Q: 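One structure follows; several queries about it will come next.
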Amino acid sequence: MIDPRSITDDFEETARRLARKGVERELLEQVRSAALARREAIVATDEARRQLNAGSAEVGRLVREGQVERAGSKRAELAAAGEQLGILEAERRGAEESFEELLARVPNLPDEVVPDGSSEEDNRVVRVEGYDPGAYEGRELRPHWEVAEALGIMDTERAAKLSGTMFEVLRKGGARLLRGLVDFGLDLHRARYEETVVPHMVRTEVIERTGHLTKFDTQAYRLRDDELWLLPTAEVGLMGLYQGEILAEADLPKRSMAYSVCWRREAGAAGRDTRGMQRLHEFHKVELVSLCTPETSQEELQALLGDCEATLRTLGLPYRVVELCAGDLTFAASRVYDLEVYAPGLDRWLEVSSVSLITDFQARRGGIRFRRAGSGSVELVHSLNGSGLATPRVWAAVVEHGQQPDGSIRLPEALVPYVGTDVITA
RNA sequence: GGAGGGAUGGCAGAGCGGCCGAAUGCGAGGCUCUUGAAAAGCCUUGGGAGGCGACUCCCCGGGGGUUCGAAUCCCUCUCCCUCCGCCA
């Protein structure tokens, strides 16, 4: 949620900033009038309750003084007032619900430095690292699924038998490569991020309050017989850890990471870029998150970006850093860098990490706050997240980069200790 | 899965339906005293909503109910503890 005051107290500026994200002015006007209606309802019930409280205290006093008849008549009078209050409170609940429902539809404010634009087309490539188009000339480069199926390390057909489309079975060297990548990712980041294992199933409240379960977001799988959801990303678990808490400023920035399996329904994505390891219902990922103070969040974003880049750099994979334009930002983000790895067999750039600054948007809904060391005042933290290592696509990139004329796969040096070999063969 | 007990402020721990947003202790912060420190004494010390403000309202695990009035009574959910059963 954004701060509703930005709409009631600073409407024009807020409307201007949100217009860059494609938000209709009309929605904001609805939020504003709902906010004002809510405020009126609060004032009305508070006043009615104040009178009732005062009257009740009066009854108590009369009873103590033994003025039984006066207490009785006062009591009757207050019963009527109580009914009135009930009506006002029902109105207030209604006003609060419609206000919250509308507010939930407003996305986070885009950062002012984010470029203008309405779609992917307008994203800005910040820089390209390790990419040399000449290096691929004259080589026969196949997509990872061809290389992997030929080696027998990936079995799409049997995966479909087990679970349907958009699932994979990995075998032998392919399975070891996956395990090695996860281990490598955790080791690479453990100096700066607290390694955590979180439950892979979370309560409705947790997934809701991390912003991963809205009316428009039907990505998560729900368990049939329990009020639990499968993690769409470990971020849900890591952020959920601190919901409703007030952290000490001295504990910030609080950086943590978790390896988890991630499950996504990918509704609406059927048939799009789904070949091989590009898009799966179930994948493995090391996620990095950080909670920090508002004044340090921009530098924390750069630090997180650097950490996520280190994964690709250490693996020797070419990648580029793309800053998303205002219109392409996700709902909750104020600023996002996408990291895209180059897949030479596909001749495409694959998104492997979205490094996002959420400012206080997620913290407000989740109630994640901190206490200032000096003043003792309580404020919302800023939250950030990014993928430290997203296996399906990094796995694919390693396979496509390492493919050799004899069909084997040469592994990046950094992975050799983790996979236990420098070449994956049949 | 079955039986029982519990949930109160940073922590511990009181709390006959009205005098309870809440005793007391510890912790933390400030002040006095002191060359400094300790000790002692005094004071302060939860969160949220509305309001320029005075101030008002809400919160004793969550939700609902009874009542003029609920931390206190009733229902329900969640979590924790003990015992039994099952189990990697």
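Throughout, protein chains are lettered first and strands after them, A, B, ... in sequence-line order, and every chain is numbered starting at 1. Since this is a predicted model, take the numbers as computed values, not measurements.
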Q: What contact category does A:R61 fall into here, base, sugar-phosphate, or nothing, at under 4.0 angstrom with non-hydrogen atoms?
A: nothing
Q: Between B:C16 and B:A22, how far apart are the two C1' atoms, rounded to whole Å?
A: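 B:C16 and B:A22 have their C1' atoms separated by 16 Å.
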Q: Please compare A:R5 and A:V378 by the position of their nearest nucleotide in RNA chain B and report the one closer to 5'.
A: A:V378
Q: Suppose you measure atom C1' in B:G5 against the same atom in B:C57; what distance do you get, rounded to whole Å?
A: 36 Å
Q: Taking the C1' atom of each, how far is B:G30 from B:G18, in whole Å?
A: 36 Å
Q: I'd like to check the side chain to side chain contact (heavy atoms under 4.5 Å, CB included) partners of A:A303; sequence neighbours left out, ordered by chain and number.
A: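 Applying side chain to side chain contact (heavy atoms under 4.5 Å, CB included) to A:A303 gives A:R192.
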Q: Distance between the C1' atoms of B:A40 and B:G48, in whole angstroms?
A: 38 Å
Q: Both distances under 3.5 Å, Watson-Crick or G-U wobble: report the partner of B:A22, or none.
A: none
Q: Enumerate donor-acceptor pairs with a distance under 3.5 Å from any side-chain N or O in residues 366-374 of chain A to protein atoms, sequence neighbours excluded.
A:
unit_1: A:R371; atom_1: NH1; unit_2: A:G376; atom_2: O; d: 3.3
unit_1: A:R372; atom_1: NE; unit_2: A:E379; atom_2: OE2; d: 2.6
unit_1: A:R372; atom_1: NH1; unit_2: A:E295; atom_2: OE2; d: 2.7
unit_1: A:R372; atom_1: NH2; unit_2: A:E295; atom_2: OE1; d: 3.1
unit_1: A:R372; atom_1: NH2; unit_2: A:E379; atom_2: OE1; d: 3.1
unit_1: A:R372; atom_1: NH2; unit_2: A:E379; atom_2: OE2; d: 3.3

Q: Identify whether any heavy atom of A:V59 sits under 4.0 Å from a base atom; if not, whether one sits that close to sugar-phosphate; answer base, sugar-phosphate or nothing.
A: base
Q: Only pairs with both distances under 3.5 Å count, Watson-Crick or wobble alike; so what is the partner of B:C42 in this structure?
A: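 Base partner found: B:G30.
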Q: Applying the Watson-Crick and G-U wobble criteria at under 3.5 Å, what pairs with B:U82? Answer none if nothing qualifies.
A: B:A3
Q: Tell me the partner of B:U72, counting only Watson-Crick (N1-N3 plus N6-O4 or O6-N4) or G-U wobble (N1-O2 and O6-N3) with both under 3.5 Å; none if nothing fits.
A: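 Because no pair has both required distances under 3.5 Å, B:U72 counts as unpaired.
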Q: What's the gap between B:C31 and B:U24 when it is taken at their C1' atoms, as a whole Å value?
A: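 These two C1' atoms come out 24 Å apart once rounded.
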Q: Suppose you measure atom C1' in B:G6 against the same atom in B:U72; what distance do you get, rounded to whole Å?
A: 16 Å
Q: Which nucleotide of RNA chain B is the first, and which the last, in the 5' to 3' direction, to come under 4.0 Å of a heavy atom belonging to chain A?
A: B:G18 to B:C79
Q: Working to the nearest 0.5 angstrom, can you tell me the gap between A:F11 CZ and A:E29 CD?
A: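 Result: 4.5 Å between the selected atoms.
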Q: Does the structure place the NZ or CZ of A:R313 under 6.0 Å from the centre of the six-membered ring of A:Y319, at an angle of no more than 45° from the ring's axis?
A: no
Q: Can you work out whether A:E58 or A:R38 has the more 5'-proximal nearest nucleotide on RNA chain B?
A: A:E58
Q: Roughly how many Å apart are B:A23 and B:U34, using the P atom of each and rounding to a whole number?
A: 34 Å
Q: Under the rule for salt bridge (charged side-chain N to carboxylate O under 4.0 Å, His left out), what residues qualify as partners of A:R20, not counting sequence neighbours?
A: A:D116
Q: List the atom pairs, with distances to 0.1 Å, where a side-chain N or O of residues 324-337 of chain A and a protein N or O form a donor-acceptor pair under 3.5 Å, not counting sequence neighbours.
A:
unit_1: A:D328; atom_1: OD2; unit_2: A:N123; atom_2: ND2; d: 2.9
unit_1: A:S334; atom_1: OG; unit_2: A:L357; atom_2: O; d: 3.4
unit_1: A:R335; atom_1: NE; unit_2: A:E323; atom_2: OE2; d: 2.9
unit_1: A:R335; atom_1: NH1; unit_2: A:Q298; atom_2: OE1; d: 2.9
unit_1: A:R335; atom_1: NH2; unit_2: A:E323; atom_2: OE1; d: 3.4
unit_1: A:R335; atom_1: NH2; unit_2: A:Y337; atom_2: OH; d: 2.9
unit_1: A:Y337; atom_1: OH; unit_2: A:Q302; atom_2: NE2; d: 3.0

Q: Please work out if A:R371 contacts a base, only the sugar-phosphate, or nothing of the nucleic acid, heavy-atom cut-off 4.0 Å.
A: sugar-phosphate
Q: Could you pull out all residues at least two apart from A:H281 that satisfy ring-ring contact (aromatic ring centres under 6.0 Å, His included)?
A: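 Counting only residues at least two positions away or on another chain, A:H281 forms a ring-ring contact (aromatic ring centres under 6.0 Å, His included) with A:F167.
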Q: Distance between the P atoms of B:C59 and B:U66, in whole angstroms?
A: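 So the two P atoms sit 16 Å from each other.
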